[in-house]
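Take a look at the structure below.
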Amino acid sequence: QGPAAPNGTAVLEVFASCSRLTGACADLGFCVAAPIDIANGEHHDVHSPRTQRAILDWVRGGLLWAIWLAIPCTADSIATAGKKPSEVLQQQRGRLFAFLIKLVRTANESGVFIVVENPLSSRLWRNRGLCRALAEAGCEDFDYDTCAFGSSYRKPQRLRSNVTQLSSVRSRCSCTL
């Protein structure tokens, strides 16, 4: 069994971790889908074909109006440069990116907004297939430093999205945090 479908047209947070975005959207009165993250059980594992099918069905069925993808950056971090991932991890990552590309294209075809979040220096931004799909969806970059929004440290981040209103988050800082 896959994750439960949302009630109404919802925002979906994928790779939700602690689900802050889902909580903030709910606090603002948006309809939200149950956040997708393996921490919520195996039926919320994005690597699972069943979960992938459920998400794609929600997009095609008009149950979502926005998807926020906070793809784990561990494998794409510059901190892991020089460390070759195992063959199994590479294959798993390849299948995951194939799904993400399909999800972005399906969302674009269905008029669903897309946001991808990752550190500015992440190698994710060099994934040609994902970047091509995001460009086809009319996505642009919104770069910011987390300290500009109250973080106790400076972490350069990027949102790539077709939500043009995100331009207000563009904020680079010169602090020494």
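When a residue number appears, it is its place in the shown sequence, counting from 1.
- If you take CG on Leu100 and CG on Leu69, they are separated by 6.0 Å, rounding to the nearest 0.5 Å.
- Minimum interatomic distance between His44 and Pro3 (heavy atoms only, all atoms of both residues): CE1-CB, 3.7 Å.
- Two residues are said to be in side-chain contact when any heavy atoms from C-beta on lie closer than 4.5 Å; Asp141 and Leu159 fail this criterion.
- Using a distance-only test at 3.5 Å, with no hydrogens or angles considered, no donor-acceptor pair links the side chain of Gln52 to the main chain of Phe99.
- For Asn7, the CG atom is loosely surrounded, since the number of other residues' heavy atoms within 6.0 Å does not exceed 12.
- Put simply, CD1 on Ile38 and NE2 on His47 are 9.0 Å apart, with the number rounded to the nearest 0.5 Å.
- Of the possible donor and acceptor atoms, none in the side chain of Ser19 sits under 3.5 Å from a partner among the backbone N and O of Thr22.
- A distance-only check finds no donor-acceptor pair linking the side chain of Asp37 to the backbone of Asn40 [under 3.5 Å].
- In plain terms, the two heavy atoms of Ala10 and Val32 that are nearest each other are CB-C, 3.7 Å.
- Between the side chain of Thr146 and the backbone N or O of Lys155, at least one donor-acceptor pair lies under 3.5 Å.
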**Request:** Report the C-alpha separation of Val46 and Val14 in whole Å, then their side-chain angles, then the decisive distance to 0.1 Å, and conclude whether the side-chain contact (heavy atoms from CB on, under 4.5 Å) test is met.
**Result:** CA-CA 8 Å; Val46 181; Val14 181; 3.6 Å; yes
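- Note that CZ of Arg93 is 12.0 Å distant from OG of Ser86, once rounded to the nearest 0.5 Å.
- With hydrogens and angles disregarded, no donor-acceptor distance shorter than 3.5 Å links the side chain of Glu13 to the backbone of Pro35.
- Note on Val11: it does not cluster hydrophobically with Leu64, by side-chain heavy-atom contacts below 4.5 Å among ILVMFWY residues.
- Cluster annotation: Leu124 is connected to Leu96 through the hydrophobic network of ILVMFWY side chains, with a link wherever side-chain heavy atoms come within less than 4.5 Å.
- Between the CZ atom in Phe142 and the OG atom in Ser171 there is a gap of 14.0 Å [rounded to 0.5 Å].
- Between Ile36 atom CD1 and Ile55 atom CD1 the span is 4.5 Å, to the nearest 0.5 Å.
- In this structure a side-chain-to-backbone donor-acceptor pair under 3.5 Å is present from Asp145 to Cys173.
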Show every donor-acceptor pair shorter than 3.5 Å between a side-chain atom in residues 131-140 and any protein atom, with sequence neighbours excluded, or say none if there are none.
| unit_1 | atom_1 | unit_2 | atom_2 | d |
| --- | --- | --- | --- | --- |
| Glu136 | OE1 | Arg105 | NE | 2.9 |
| Glu136 | OE1 | Arg105 | NH2 | 3.4 |
| Glu136 | OE2 | Arg105 | NH2 | 3.4 |
| Glu140 | OE1 | Arg170 | NH2 | 3.0 |

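- The hydrophobic cluster containing Phe149 also contains Leu21, counting ILVMFWY residues as joined when their side-chain heavy atoms lie under 4.5 angstrom apart, directly or transitively.
- In this structure a side-chain-to-backbone donor-acceptor pair under 3.5 Å is missing from Ser110 to Val112.
- Here the closest non-hydrogen pair linking Asn162 and Phe113 is OD1-CA, 3.5 Å.
- Of all heavy-atom pairs spanning Ala70 and Phe15, the tightest one is O-CB, 3.1 Å.
- Grouping the Ile, Leu, Val, Met, Phe, Trp and Tyr side chains by contacts below 4.5 angstrom, directly or via other members, places Val163 apart from Ile67.
- The OG atom of Ser161 lies 5.0 Å from the CG atom of Leu166; values are rounded to the nearest 0.5 Å.
- For Lys102, the side-chain contact (heavy atoms from CB on, under 4.5 Å) partners at least two apart in sequence or on another chain are Leu56, Arg60, Thr106.
- Although no hydrogens or angles enter the test, the distance criterion places a donor-acceptor pair under 3.5 Å between the side chain of Asn118 and the main chain of Ile71.
- Legend: residues meeting ring pair (Phe, Tyr, Trp, His ring centres under 6.0 Å) with Trp65, ordered by chain and number and at least two apart, are Phe30.
- Phe97 and Val88 fall into different hydrophobic clusters, where Ile, Leu, Val, Met, Phe, Trp and Tyr residues are linked whenever their side-chain heavy atoms come under 4.5 Å apart, directly or through other members.
- When every heavy atom of Trp58 is checked against every heavy atom of Ala4, the shortest pair comes out as CZ2-O, 3.2 Å.
- Contact between Thr51 and His43 at its shortest, heavy atoms only, is OG1-O, 3.0 Å.
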Next item on the list: Check the pair Leu63, Thr9 against side-chain contact (heavy atoms from CB on, under 4.5 Å), reporting the backbone distance first and the verdict last.
Entry: CA-CA 4 Å; Leu63 295 177; Thr9 308; over 6 Å; no
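- Residues Leu120 and Trp125 fail the side-chain proximity criterion, which asks for heavy atoms closer than 4.5 Å.
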